[in-house]
Amino acid sequence: MNIKETGAMRVISIQRRLTIPEVRHASAELAPLIDAEIDRAGLKPSGPWIFIARNLPKNAKAAFDWRICRPVAGGEAYDGTLDMIELEPIMVASTLHQGPVRSLFTQGYAPLVEKIEMSRHNFSGESREIYHRWAGPGSRYHEIEIQFGLAN
């Protein structure tokens, strides 16, 4: 577990209320829309894809607020139809999951949650997945950073 402060960044994003199993379909549907909007607006991607969850549930049936984001450079005068927001720096506990998505929760999330619960830190309710290396659906190897925001 690493404790660090994230950097501030400007992102183009879309928010949805969904369940954990719906993330796969939503990301496949929405990522191309974001990429097309970045191209249309003349922006440049400036970082990997980020998924942000608010109050991520512990089960697959409960809905939660989810946002798919792509960091961009520029965009001060953006006038498009998608959300352009500024992500403020936050303190997070993080770990890097290397492997298939099917083990993301058991080998990535679960050990990190356990370490945070055993520490002096408290969850803020925000969590993030940063897709440093995405090899496509069904691939056996990805690099996904899991971050849990920490409350003061």
Side-chain angles (χ1 to χ4, degrees), residues 1-58 60 62-101 104-105 108-109 112-113 115-116 119-139 141-152:
M1 172 174 77
N2 297 314
I3 306 297
K4 65 181 184 180
E5 183 176 28
T6 65
M9 67 187 86
R10 177 175 291 135
V11 300
I12 296 284
S13 68
I14 300 172
Q15 184 170 321
R16 293 286 188 265
R17 184 150 182 87
L18 42 68
T19 63
I20 291 171
E22 294 171 327
V23 169
R24 180 179 179 182
H25 176 73
S27 60
E29 173 190 344
L30 300 175
L33 298 177
I34 291 173
D35 277 339
E37 181 62 7
I38 289 171
D39 286 344
R40 186 208 63 79
L43 301 170
K44 299 284 184 212
S46 64
W49 288 97
I50 302 170
F51 296 175
I52 300 175
R54 298 276 180 204
N55 301 311
L56 186 67
K58 294 182 180 180
F64 65 101
D65 292 324
W66 175 82
R67 183 178 289 276
I68 181 172
C69 307
R70 186 73 190 256
V72 293
E76 291 80 5
Y78 174 72
D79 66 348
T81 59
L82 300 183
D83 297 334
M84 177 176 278
I85 61 172
E86 301 284 335
L87 298 181
E88 298 294 326
I90 61 170
M91 291 302 296
V92 299
S94 73
T95 191
L96 184 64
H97 173 71
Q98 297 174 305
V101 172
L104 182 62
F105 284 93
Y109 273 88
L112 181 57
V113 167
K115 288 177 183 175
I116 295 168
S119 74
R120 59 177 167 69
H121 301 289
N122 296 308
F123 296 92
S124 71
E126 179 177 317
S127 59
R128 298 178 181 183
E129 293 176 3
I130 294 84
Y131 287 78
H132 294 289
R133 179 174 174 205
W134 175 253
S139 175
Y141 185 82
H142 307 284
E143 290 181 0
I144 304 168
E145 183 178 353
I146 303 164
Q147 299 178 342
F148 278 99
L150 301 174
N152 292 340

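Everything numeric in this text was worked out from a predicted model, so none of it was measured.
Residue R40 qualifies as enclosed at atom CZ: its count of foreign heavy atoms under 6.0 Å is above 12.
Nearest heavy atoms, T19 versus F64: C-CE2, 3.7 Å. Counting all heavy atoms, side chain and backbone alike, R70 lies closest to P45 at NH2-CB, 3.5 Å. A pairwise comparison of heavy atoms in P71 and P48 identifies CD-O, 3.1 Å as the closest pair. Scanning all heavy atoms of the two residues, the minimum distance from T6 to E88 falls at OG1-O, 4.0 Å. Here the shortest heavy-atom pairing between L33 and E29 reads CG-O, 3.7 Å. Considering every non-hydrogen atom in both R67 and S13, the closest pair reads NH1-OG, 2.6 Å.
Rounded to the nearest 0.5 angstrom, E22 CD and R16 CZ are separated by 11.5 Å. With rounding to the nearest 0.5 angstrom, the CE atom of M9 is 8.0 Å from the OG atom of S46. For the atom pair I52 CD1 and L87 CG, the distance stands at 4.5 Å (nearest 0.5 Å). The line from CD of E129 to CD of Q147 is 10.5 Å long, rounded to the nearest 0.5 Å. To the nearest 0.5 Å, the span separating CD on E126 from CG on L56 amounts to 11.5 Å. If you take CD1 on I130 and CH2 on W49, they are separated by 14.0 Å, rounding to the nearest 0.5 Å.
Considering only residues two or more places apart in sequence or on other chains, K44 meets the side-chain contact (heavy atoms from CB on, under 4.5 Å) condition with none of them. Under the rule for a side chain to side chain donor-acceptor pair (under 3.5 Å), E5 has no partner lying at least two apart in sequence or in another chain. A search for salt bridge (Lys or Arg N to Asp or Glu O under 4.0 Å) contacts involving R120 returns nothing, not counting sequence neighbours.
Using bins of under 30°, 30° to 60° and over 60° for the plane-to-plane angle, the ring pair W134/Y131 lands in the perpendicular bin.
Side-chain contact between V92 and R128: absent, with no pair of heavy atoms (C-beta onward) separated by less than 4.5 Å. Residues R133 and Q98 have side chains not in contact (no heavy-atom distance under 4.5 Å, counting atoms from C-beta outward). Side chains of V23 and L18 form a contact here, defined as non-hydrogen atoms less than 4.5 Å apart. Between L96 and N2 there is no side-chain heavy-atom pair separated by less than 4.5 Å.
Only one option out of T95, N122, V113 pairs with F148 in a side-chain contact (heavy atoms from CB on, under 4.5 Å); it is V113.
For R10 (side chain) and M84 (main-chain N/O), no donor-acceptor pair under 3.5 Å exists by modelled atom type.
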